[in-house]
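For reference, the structure is listed below as structure tokens.
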Amino acid sequence: MNFLIAIQFLTRIPIPNIEFTEKHNFINSVKYYPLVGFAIGMILIALMNLLSFTLPSLVIAVVILVANIMLTGGLHLDGFMDTIDGVMAARDKERTLEIMKDSRVGAHSVWAVICLLLLKFALIATLPNHIMWIALLTMAVISRLNVLFSMVYWPYARAEGLGKLFLS
């Protein structure tokens with residue numbers, strides 16, 4: 001069940017909605033994040049292999065980039081944009097956290113996400129196929145593994161919020 005909770009939280013893969021009432025289920029799901037990343041990476045690799053017979057590499061790079069965003073629901077981009085808005089505001093901690101929580105998008109986050117997506121596209125487009133599958137798999141696993149390290153080594157910035165669900 002904890003693996004399914006991890007899939008439900010990190011992806012938009014259609015699975016039956018899991019209702020859980022115990023906080024430890026959510027906390028225990030975190031250990032499956034790298035496995036969810038592995039699954040995402042394998043889906044992207046399968047897509048790359050399927051398309052490599054018919055489409056040019058630039059089109060494949062766009063499809064992989066878009067597929068990754070669709071698989072994850074853009075959760076990583078939302079967090080990235082919130083972070084950029086907060087950091088680029090150059091305010092005190094309380095105001096920065098308030099800006100990061102605001103659902104509106106700021107100008108800094110727009111240019112930053114465009115630059116990030118262009119960089120990702122360029123990196124995917126320039127990788128040879130025999131290396132791309134390794135990159136797609138490792139980036140998907142390592143990025144979710146990084147969540148575990150962040151939870152252990154960095155203190156949570158807010159008194160309350162979504163991140164508190166992960167802390168025991």
Side-chain angles (χ1 to χ4, degrees), residues 1-20 26 28-88 99-151 154 162-163 165-166:
M1 173 157 102
N2 292 328
F3 177 65
L4 294 177
I5 291 170
I7 291 174
Q8 182 176 300
F9 183 71
L10 294 177
T11 74
R12 295 300 174 255
I13 295 172
I15 58 170
N17 192 28
I18 301 168
E19 294 296 328
F20 57 94
F26 205 63
N28 290 333
S29 73
V30 174
K31 64 185 168 195
Y32 293 102
Y33 283 15
L35 186 58
V36 173
F38 182 82
I40 291 169
M42 292 304 290
I43 291 169
L44 296 176
I45 290 167
L47 185 61
M48 176 198 75
N49 287 332
L50 182 68
L51 298 176
S52 66
F53 294 109
T54 57
L55 296 175
S57 60
L58 291 177
V59 176
I60 293 171
V62 170
V63 171
I64 287 172
L65 189 61
V66 170
N68 187 41
I69 294 168
M70 289 175 66
L71 275 170
T72 63
L75 181 64
H76 57 296
L77 294 176
D78 181 52
F80 174 76
M81 292 174 75
D82 288 343
T83 301
I84 293 296
D85 276 341
V87 170
M88 295 301 290
I99 290 168
M100 291 171 70
K101 192 172 180 108
D102 189 343
S103 62
R104 293 172 294 182
V105 180
H108 293 297
S109 64
V110 172
W111 65 255
V113 79
I114 290 169
C115 291
L116 177 68
L117 292 173
L118 284 171
L119 179 61
K120 285 183 174 192
F121 167 76
L123 291 170
I124 293 169
T126 57
L127 287 175
N129 279 354
H130 68 280
I131 295 174
M132 190 186 316
W133 73 269
I134 296 169
L136 290 174
L137 189 59
T138 55
M139 68 91 185
V141 171
I142 290 173
S143 62
R144 276 110 193 133
L145 185 61
N146 187 48
V147 173
L148 300 176
F149 290 119
S150 297
M151 289 172 57
W154 292 337
L162 182 61
L165 287 174
F166 295 103

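Just so it is clear, the model here is predicted, and its values are computed rather than measured.
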Could you give the side-chain donor-acceptor pairs of residues 113-130 under 3.5 Å, partners two or more places apart or in another chain?
{"unit_1": "Thr126", "atom_1": "OG1", "unit_2": "Ala122", "atom_2": "O", "d": "2.8"}
{"unit_1": "Thr126", "atom_1": "OG1", "unit_2": "Leu123", "atom_2": "O", "d": "3.3"}

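- Met88 places a side-chain heavy atom less than 4.5 Å from the side chain of Trp111.
- Counting only distance, with no hydrogens or angles, the side chain of Thr11 and the backbone of Gln8 share no donor-acceptor pair below 3.5 Å.
- With contacts defined as side-chain heavy-atom distances shorter than 4.5 Å, the pair Met132/Met48 qualifies.
- Nearest heavy-atom pair across Asn2 and Ser29 is O-CB, 3.2 Å.
- Using cut-offs of 30° and 60° for the angle between ring planes, the Tyr33 and Phe9 rings count as parallel.
- Residues Asp85 and Ala107 approach most closely at OD1-N, 4.5 Å, considering heavy atoms.
- The NZ atom of Lys31 lies 11.0 Å from the CG atom of Leu148; values are rounded to the nearest 0.5 Å.
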Under the criterion side-chain contact (heavy atoms from CB on, under 4.5 Å), I'd like the reasoning laid out for Leu136 against Ile45: C-alpha separation, chi angles, the key distance, then a yes or no. CA-CA 7 Å; Leu136 290 174; Ile45 290 167; 4.1 Å; yes
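- The two residues Ile13 and Ile7 have their closest heavy-atom pair at CB-CG2, 4.2 Å.
- Summarising the geometry, atom CG belonging to Asp78 is positioned 9.0 Å from atom OG1 belonging to Thr83; distances are rounded to the nearest 0.5 Å.
- Here Ile15 contributes atom CD1 and Leu4 contributes atom CG; the two are 5.0 Å apart, rounded to the nearest 0.5 Å.
- Distance CG/Leu55 to CG/Leu50: 9.0 Å, rounded to 0.5 Å.
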Hey, mind stepping through Val62 and Leu65 against side-chain contact (heavy atoms from CB on, under 4.5 Å) and telling me if it holds? CA-CA 5 Å; Val62 170; Leu65 189 61; 5.7 Å; no
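- Looking at Leu35 and Val141, their side chains never come closer than 4.5 Å, going by heavy atoms from C-beta outward.
- Looking at heavy atoms from C-beta onward, Met139 lies in side-chain contact with Leu44 at the 4.5 angstrom threshold.
- At least one side-chain heavy atom of Val30 sits less than 4.5 Å from a side-chain heavy atom of Met151.
- Residues forming a salt bridge (Lys or Arg N to Asp or Glu O under 4.0 Å) with Asp102 (at least two apart in sequence, or on another chain): Arg104.
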Does the side-chain contact (heavy atoms from CB on, under 4.5 Å) test come out yes or no for Leu10 and Arg144, once each step is laid out? CA-CA 9 Å; Leu10 294 177; Arg144 276 110 193 133; 4.1 Å; yes
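- Between Ser52 and Ile60, the shortest heavy-atom contact is CA-CD1, 3.6 Å.
- At a threshold of 4.5 Å between non-hydrogen side-chain atoms, the residues Ser109 and Asp82 do not count as touching.
- For Thr72, the side chain to side chain donor-acceptor pair (under 3.5 Å) partners are His76, not counting sequence neighbours.
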